[in-house]
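One structure is given here, and the rest of the page talks about it.
Counting starts at 1 for both ligands and their atoms, in listed order. All heavy atoms count here, side chains included; hydrogens, waters and symmetry mates do not.
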Amino acid sequence: MYVCLCNGVSDKTLREVVRRYQPKSIQQLRQLVPVGKQCGKCIRAAREIMDDELQHAPLYKEIA
Ligand code: FES
């Protein structure tokens, strides 16, 4: 499902990015994916997905 229609960002993409990079804020998430950079209507949904994914994601650090 698309979360950000303006930039074609899906919930699957957001979840993968959050799991991999574990952004601490929506600003950090926006530096990783082009979510909310146009109309901004997707910010709330993106934040909910980020919070949900961070709650369930195990903490790990990428090596290399
Ligand atoms: S829907 Fe994401 S910026 Fe418009």
Side-chain angles (χ1 to χ4, degrees):
M1 173 187 85
Y2 282 109
V3 175
C4 179
L5 290 174
C6 294
N7 297 301
V9 179
S10 68
D11 61 330
K12 187 177 171 204
T13 300
L14 280 179
R15 287 183 187 279
E16 284 173 6
V17 168
V18 170
R19 244 177 275 143
R20 176 176 284 231
Y21 298 103
Q22 301 187 351
K24 302 282 181 274
S25 66
I26 198 74
Q27 286 80 14
Q28 278 186 5
L29 180 64
R30 289 174 68 183
Q31 291 172 354
L32 299 166
V33 287
V35 70
K37 293 201 170 175
Q38 290 184 32
C39 75
K41 288 182 180 171
C42 55
I43 291 294
R44 179 181 285 188
R47 182 178 285 125
E48 286 173 6
I49 288 171
M50 184 181 82
D51 290 347
D52 181 62
E53 200 58 43
L54 287 174
Q55 246 179 1
H56 299 105
L59 289 175
Y60 76 95
K61 294 255 185 248
E62 191 170 330
I63 299 172

Residues forming a salt bridge (charged side-chain N to carboxylate O under 4.0 Å, His left out) with Asp52, sequence neighbours excluded
Arg15
According to the side chain to side chain donor-acceptor pair (under 3.5 Å) rule, which pairs have a member within residues 35-50, sequence neighbours left out?
Asn7-Gln38
List in chain and number order the residues that pass side chain to side chain contact (heavy atoms under 4.5 Å, CB included) with Leu5, two or more places apart in sequence or in another chain; answer none if no residue qualifies.
Tyr2
Do the side chains of Ile49 and Val18 get nearer than 4.5 Å, heavy atoms only?
no
Is there a side-chain contact between Glu53 and Val17, using heavy atoms and a 4.5 Å cut-off?
no
Near atom 4 (Fe) of ligand 1, meaning under 2.8 Å, the protein N/O/S atoms are Cys6 SG, Cys39 SG
Counting C-beta onward and ignoring hydrogens, is there a side-chain heavy-atom pair between Val3 and Val9 closer than 4.5 Å?
no
